[in-house]
Amino acid sequence: AGEAIEAYAAKQLGIDSATSKNVELGQINLSNYNAVIWMSGETSTVDRTFTVGMQAFVADYIDAGGRIFVSGAEVGWDLDAQNNGRAFFNNTLRADYAADDANTYATTGVAGSIFAGISPSFDNGAQTYNVDFPDVLTGFGGSTVALNYSNGAGGAATQYVNALTQARTVVMGFPFETITTEANRNAIMAAVLGFITAD
């Protein structure tokens, strides 16, 4: 993610990094940041993608107009399907869970969305790690699907902007870091940053 952010030429952006535990303990004040990139990988119900404490801090941030990009293969499964934070997933992240496994590693950007013209694939285990069960997503509460799985399984990412507060969310049903080419990682990150850092 850091390399893809560095490749983004539209703005000069500073980067800090922290663990989700730092957020949970209140050691990171999210309001100090113009945007947050939350990478959950394959974290699931055992380690929890967003604990109750994390959800509270992120919800406060988004309610105040914050911008966040969340990627991970089990975020919808953990929060929505297992009800470890369904209201947070739906009403804060503005995404809805549709299915546990897309049964593909290929996606296509939706016309008119932030990912239009981008068709990233993600890893089957040949490069980083096998994304076993990528979440299938749908829009919720005004969000729209921005990326579809290429086999017709449904949405791979959603995007949302609150017209009143300018809060913005992008939720991806597979881990960003598993996108298989540098060009597509850069293109996806550029699209995300262009959207979530917009004035």
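- Side chains of Ser150 and Thr108: a donor on one and an acceptor on the other come within 3.5 Å.
- Put simply, Phe69 and Leu13 are part of the same group of oily side chains (I, L, V, M, F, W, Y) that touch within less than 4.5 Å, one to the next.
- Note: the hydrophobic cluster containing Ile15 does not contain Ile68 (ILVMFWY, side chain heavy atoms under 4.5 Å, direct or indirect links).
- Partners of Glu42 according to the salt bridge (Lys or Arg N to Asp or Glu O under 4.0 Å) rule, which considers only residues two or more places apart in sequence or in another chain, do not exist here.
- Applying the ring pair (Phe, Tyr, Trp, His ring centres under 6.0 Å) definition to pairs two or more places apart or across chains, those involving residues 100-126 are Tyr105-Phe122, Phe122-Phe174.
- Pairs engaging residues 113-123 under the side-chain hydrogen bond (donor to acceptor under 3.5 Å, both in side chains) rule: Asp123-Thr128 [sequence neighbours left out].
- Side chain of Arg94 to main chain of Tyr160: no donor-acceptor pair is present (N/O by atom type, distance under 3.5 Å, no hydrogens or angles).
- Under the 4.5 Å side-chain heavy-atom criterion for Ile, Leu, Val, Met, Phe, Trp and Tyr, Ile118 and Phe195 are members of the same hydrophobic cluster.
- With sequence neighbours left out, Arg48 forms a salt bridge (Lys or Arg N to Asp or Glu O under 4.0 Å) with Asp78.
- Counting non-hydrogen atoms of other residues, nucleotides and ligands closer than 6.0 Å to CD of Glu6 gives a total of 12 or fewer.
- The environment of Asn34 atom CG is sparse: at most 12 non-hydrogen atoms of other residues, nucleotides or ligands sit within 6.0 angstrom.
- Scanning for side-chain contact (heavy atoms from CB on, under 4.5 Å) contacts around Asn151 gives Asn103, Thr104, Tyr149, Ala153, with sequence neighbours left out.
- In this structure, Asn186 and Glu182 have side chains that are in contact, with non-hydrogen atoms separated by less than 4.5 Å.
- In this view, Phe133 satisfies the ring pair (Phe, Tyr, Trp, His ring centres under 6.0 Å) rule with no residue, not counting sequence neighbours.
- Val58 and Leu79 fall within the same hydrophobic cluster, defined by Ile, Leu, Val, Met, Phe, Trp and Tyr side-chain heavy atoms under 4.5 Å apart, directly or through other members.
- Under the side-chain contact (heavy atoms from CB on, under 4.5 Å) criterion, Gln27 pairs with Asn22, Leu25, sequence neighbours left out.
- In terms of hydrophobic clustering, with Ile, Leu, Val, Met, Phe, Trp and Tyr side chains grouped at heavy-atom distances under 4.5 Å, Val136 and Val75 are assigned to different clusters.
- Tyr97 pairs by the side-chain contact (heavy atoms from CB on, under 4.5 Å) definition with Trp77, Asp80, Ala81, Phe89, Asp100, Asp135, not counting sequence neighbours.
- When every heavy atom of Pro175 is checked against every heavy atom of Gly41, the shortest pair comes out as CG-O, 3.4 Å.
- For the residue pair Gly155 and Asn148, the shortest heavy atom distance occurs at CA-OD1, 3.5 Å.
- Checked against side-chain contact (heavy atoms from CB on, under 4.5 Å), Ser20 has the following partners two or more places apart in sequence or in another chain: Trp38, Met54.
- Remark: Phe176 engages no residue in a ring pair (Phe, Tyr, Trp, His ring centres under 6.0 Å) (not counting sequence neighbours).
- In this structure, the side chain of Tyr61 engages the main chain of Tyr33 through a donor-acceptor pair within 3.5 Å.
- Side-chain atoms of Gln159 never come within 3.5 Å of backbone atoms of Val171 as a donor-acceptor pair (strictly under, hydrogens ignored).
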Assess whether side-chain contact (heavy atoms from CB on, under 4.5 Å) is satisfied between Val170 and Arg67, documenting all intermediate values. CA-CA 8 Å; Val170 178; Arg67 289 101 182 277; over 6 Å; no
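- Listed for the Arg168 side chain is no donor-acceptor partner under 3.5 Å among the backbone atoms of Val161.
- The stretch residues 22-40 participates, sequence neighbours left out, in these salt bridge (Lys or Arg N to Asp or Glu O under 4.0 Å) pairs: Lys21-Glu24.
- Pairs passing the ring pair (Phe, Tyr, Trp, His ring centres under 6.0 Å) check and including a residue from residues 1-24, sequence neighbours excluded, do not occur.
- Of the residues Leu147, Thr158, Val145, the one that meets the side-chain contact (heavy atoms from CB on, under 4.5 Å) test with Val110 is Val145.
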